[in-house]
Student: 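Take a look at this one; I'll ask things after.
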Amino acid sequence: MGVFIYEFNNKTASDQDIQDLKELIYKHKIVVIKEQDLSPDQYCDFGYRLGDIEKYYQPMYHHPEREEIFVSSNVPENGQQIGVPKTGKFWHADYAFMPKPFAFSMVYPQAIPSKNRGTYFIDMFKAFRGLPDDLKSIATESSCYHSVRRFFKIRPDDVYRPISEILDEIEQVTPPSKHPTTFTHPVTGETVLYINDGFTYRIDNSEEEPLDTNILQKMLAISGQLDNRFEHPLIEHHEFELGDVRIWDNRSLVHCAHHAANSEPTISFRLTLYDSYPFYE
Ligand code: 7UC
Ligand code: FE
């Protein structure tokens, strides 16, 4: 999947160029814009041309100057932690646990370890196509619940709080969201299997009765999300290079961050955007 774009400059890009860029994201699902050199403000300016930026619901992830930027970083600045280390190291679609997930996610790495830094992606349209007929029909007639609870990060202020209180707060602030197990992509028309190993924990039939979660596990396995070796044919590994701005279709793809095992400096800036379509009809 994906295309590279060279010689793109947001300052000189026309509205038509931006429109063309969006069409490329829907069509190829991943677009990597090469050789970018953007300040936080310039990066946000670019984001706002592509859609409505939504800042992350937890301030601990925010960039100190631009709250719209979600910072993934293991590098303290002046002894202070900025953002959160090792984010997204599990299969997920961004904000699947929220009522209205994002259309596009963009990542702009600022520091890259010498090796083993990239992102794994799976196209969940291809995953849907690969389901046997019985699972396909369950997938088109059911709904799933998604929660952030398994991957909620303990904050510095959580130290010495009872875990039960933190768990209650997670349910209060981010109650599970229910989405159809499949939906039609508003632009490509493809049927997307909208489940992920990180957040999806329950599947209900059309009468809102819970189904055996083994069904969910089978669908996840067929999609490739349970392959710990990352060798499943639907898994693609995309490496980063400094200067890359990667934008992807957060309706169609699930992703899993690939963090190096050592603690070499790693920093990336994420923006998440709504487009002009409902996430699904
Ligand atoms: O720290 C993280 O891995 C963030 C994750 C819980 N949420 C990313 C998102 O936007 O869905
Ligand atoms: Fe993510």
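Remember, it's 1-based here, ligands and their atoms both numbered in the order they're listed. Here the structure is a predicted model, which means the values were calculated and not measured. Every heavy atom of this structure was used, including side-chain atoms; hydrogens, water molecules and symmetry mates were not.
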Student: Would you kindly confirm whether Y26 and L24 end up in one hydrophobic cluster when ILVMFWY residues are joined by side chain heavy atoms under 4.5 Å apart?
Tutor: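 Shared cluster, yes.
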Student: Could you grab the protein N, O or S atoms closer than 2.8 Å to the Fe ion (ligand 2) for me?
Tutor: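 Sorted hits: H92 NE2, D94 OD1, H255 NE2.
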Student: What residues form a side-chain hydrogen bond (donor to acceptor under 3.5 Å, both in side chains) with D249, not counting sequence neighbours?
Tutor: H185, S252
Student: Working to the nearest 0.5 Å, report the span between CG of L273 and CG of N250.
Tutor: 10.0 Å
Student: Show me a pair-per-line table, with atom names and distances to 0.1 Å, of protein N or O atoms that are under 3.5 Å from an N or O of ligand 1.
Tutor:
residue  : atom   : partner : partner atom : Å
ligand 1 : 1 (O)  : Y61     : OH           : 2.6
ligand 1 : 1 (O)  : K153    : NZ           : 2.8
ligand 1 : 3 (O)  : G88     : N            : 2.7
ligand 1 : 3 (O)  : K153    : NZ           : 2.8
ligand 1 : 7 (N)  : Y56     : OH           : 2.9
ligand 1 : 10 (O) : R270    : NH1          : 2.9
ligand 1 : 10 (O) : R270    : NH2          : 3.0
ligand 1 : 11 (O) : Y95     : N            : 2.8

Student: Measure the spacing between CD of Q225 and CD1 of I235 and express it to the nearest 0.5 Å.
Tutor: 8.5 Å
Student: Determine the interplanar angle of the H258 and H237 rings, folded into 0 to 90°, and report it as parallel if under 30°, tilted if 30 to 60°, perpendicular if over 60°.
Tutor: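 It falls in the perpendicular class, over 60°.
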Student: Under the criterion ring-ring contact (aromatic ring centres under 6.0 Å, His included), which of Y95, Y194, F151 is the partner of H146?
Tutor: Y194
Student: Name each donor-acceptor pair under 3.5 Å that joins a side chain in residues 50-64 to protein atoms two or more places apart or in another chain, with its distance.
Tutor:
residue : atom : partner : partner atom : Å
H62     : NE2  : Y56     : O            : 2.8
H63     : ND1  : E65     : N            : 2.9
H63     : ND1  : R66     : N            : 3.3

Student: Surrounding CD of E77 (heavy atoms of other residues, nucleotides or ligands, distance under 6.0 Å), is the total greater than 12?
Tutor: no
Student: Answer yes or no: is there a side-chain heavy-atom contact under 4.5 Å between Y201 and S147?
Tutor: yes
